Amino acid sequence: MSAAKRVQQWATFARTWHIFDCKWQDPYLSANVIKKYLMGMHKPIYHPMNDCGDVVVCINSRDIALRGDDWRQRAYFHHTGYPGGASWTLAWEVHNKDPTMIIKKAVYRSMKGNLQRRHTMQRMLIYPGEEVPEDIMQNVTNQIRQLRPVPTRLDHIPEDEVKKYPKVMEYPEDYVLK
Amino acid sequence: MSNSHLFMKSGFVRAPLQNGVGRYVPQLQRIVLKFCKTHGGSRGIRDFIEQDLVEFAKQNPSVVVYLKPRRHRSPVAVAEYLNGDRVWMSLHQKSHSEITKWIEVLRTQQGDVSATRLRKYQFTDHPSIQGPWTPFTFKDPELNVAQLPDPKFGANDRLPMTATDKLRIMFEKQKISEDNVKTGE
């Protein structure tokens, strides 16, 4: 293999680092997106037997949004292996204990259970907040688009912008807002 | 491909050295037909031998044909190829017409094709003219200087316009048209 071809090979199979902002995202829907990047399924060279998966850095995993009543309803199962060792932990309890656990389990569950899955999971880095170590952040060259728009709180919008916003009518002066 | 096929010899789809471009080199070297003279399971191959075998040998002078009668064993064809492959095929209970077709397969195939696990269903000697794909192909050059994470690259940009946005745009338009009203003054 000539030198030019060798470099071509390195370029084609280079690992890209992606960043994904989990803020206000459904972990179970985003897992299907993250999975594709981890396994390299977004690349035209994808084949199950070539090693073309990318690294995904997830930030703000503390701010994920579960569907409906899932924080109270969803239970995570664990069994120690001993009799009576089964335990069910609710999603909010898991999230209080480790804010990276739910998104990690969601991505793990979205992939097929084969020998490659644990190695693929090693390429996923999760951080509960905005802070990412500098040596990891300098590798990141791409951002994965979120699925849902992140809502803005009314008290975070500048006041003059709120005042300028069109209204259908003004409340009367003596109107009591509950 | 499933895991049970991992042990098979792997390869790509290709013709051996462009066979047939200048002249055709027959790949089948030898075929051994084993059969029983009495059993019903060999009925089809006995018919084939009686009716078609001499013609087959005449038309394929490069193929060595052996017949091996053996008592009370099921019929079998063993084909040997130029590349050293050996294909064993059971012809038990196969009819005359089926056997004619299978022998034709053995004659025309190039080595043991069915025992190869195809790594890909396509193969080319000239993979790409414009150069192979890299992760940087078709990338937005703005990403090179962007400070990630950035909502500009991270927010979903494929959502339809919300009703709130539509209303606001309608309001903006109305305001402009009110300013442009021409009065008689």
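None of these values were measured; they are calculated from a predicted model. Within every chain, numbering begins at 1; the chains are lettered A, B, ... in the order of the sequence lines, protein sequences first and strands thereafter.
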### Query
Contact part of A/His47 toward chain B, heavy-atom cut-off under 4.5 Å: side chain, backbone, both or neither?
side chain
### Query
Transitively linked via ILVMFWY side-chain contacts under 4.5 Å: A/Met111 with A/Ile126?
yes
### Task
Side chain from CB out, backbone as N, CA, C, O: work out which of these in B/Arg119 comes under 4.5 Å of a heavy atom of chain A, or both, or neither.
backbone
### Task
Give a yes or no on whether the backbone of A/Leu147 and the side-chain of B/Asn156 come within a donor-acceptor separation of less than 3.5 Å.
yes
## Note on the structure
Tightest non-hydrogen contact, residues B/Pro135 and A/Ala14, listed as CG-O, 3.7 Å
### Task
Count the heavy atoms belonging to other residues, nucleotides or ligands that lie under 6.0 Å from CZ of A/Arg109, then report whether that count exceeds 12.
no
### Query
Should we count CD1 of B/Ile129 as having more than 12 external heavy atoms under 6.0 Å?
no
#### Entry: Top contributor to chain A contacts, counting heavy-atom pairs under 4.5 Å, from B/Gly154, B/Ala155, B/Pro151, B/Ala146
B/Gly154
### Task
Identify which part of A/Asn142 has an atom lying under 4.5 Å from any heavy atom of chain B, answering side chain, backbone, both or neither.
both
### Where A/Met137 and B/Leu148 come nearest, the two heavy atoms and their spacing
CE-O, 3.2 Å
### Message
Tell me whether the count of non-hydrogen atoms from other residues, nucleotides or ligands lying under 6.0 Å of CZ in A/Arg15 goes above 12.
### Response
yes
### Message
What part of A/Phe13 gets within 4.5 angstrom of chain B, counting heavy atoms only: side chain, backbone, both, or neither?
### Response
neither
### Task
Would you mind checking which part of A/Ile19 comes under 4.5 Å of any heavy atom in chain B, side chain (CB onward), backbone (N, CA, C, O), both or neither?
side chain
### Message
Under 4.5 Å from any heavy atom of chain A, what part of B/Asp150 do you find: side chain, backbone, both or neither?
### Response
both
### Query
When hydrophobic residues are tied together by side-chain contacts of less than 4.5 Å, even through go-betweens, does B/Val87 share a cluster with B/Val78?
no
### Query
For A/Thr16, is it the side chain, the backbone, both, or neither that has a heavy atom closer than 4.5 Å to a heavy atom of chain B?
side chain
### Query
What is the distance from atom CZ of B/Arg158 to atom CZ of A/Arg145, rounded to the nearest 0.5 Å?
8.5 Å
### Query
Are there more than 12 heavy atoms of other residues, nucleotides or ligands under 6.0 Å from atom CE of B/Met8?
yes
### Short side-chain to backbone donor-acceptor contact, B/Thr134 and A/Ala11, under 3.5 Å
no
### Message
Please tell me whether A/Met39 and A/Tyr108 are part of a single hydrophobic cluster in this structure, the criterion being side-chain heavy atoms less than 4.5 Å apart.
### Response
yes
#### Entry: Region of B/Phe153 that comes under 4.5 Å of a non-hydrogen atom in chain A
both
### Query
Which pair of non-hydrogen atoms, one from A/Thr12 and one from B/Pro132, has the smallest distance, and what is that distance?
OG1-CB, 4.0 Å
### Query
Does B/Met89 belong to the same Ile/Leu/Val/Met/Phe/Trp/Tyr cluster as B/Val64, with side-chain heavy atoms less than 4.5 Å apart forming each link?
no
### Query
Using non-hydrogen atoms only, which part of B/Ser10 is less than 4.5 Å away from chain A: side chain, backbone, both, or neither?
neither
### Query
Between A/Tyr28 and A/Ile34, is there a shared hydrophobic cluster once you connect ILVMFWY residues whose side-chain heavy atoms come closer than 4.5 Å?
no
### Query
Are more than 12 heavy atoms from other residues, nucleotides or ligands located less than 6.0 Å from atom OH of A/Tyr171?
no
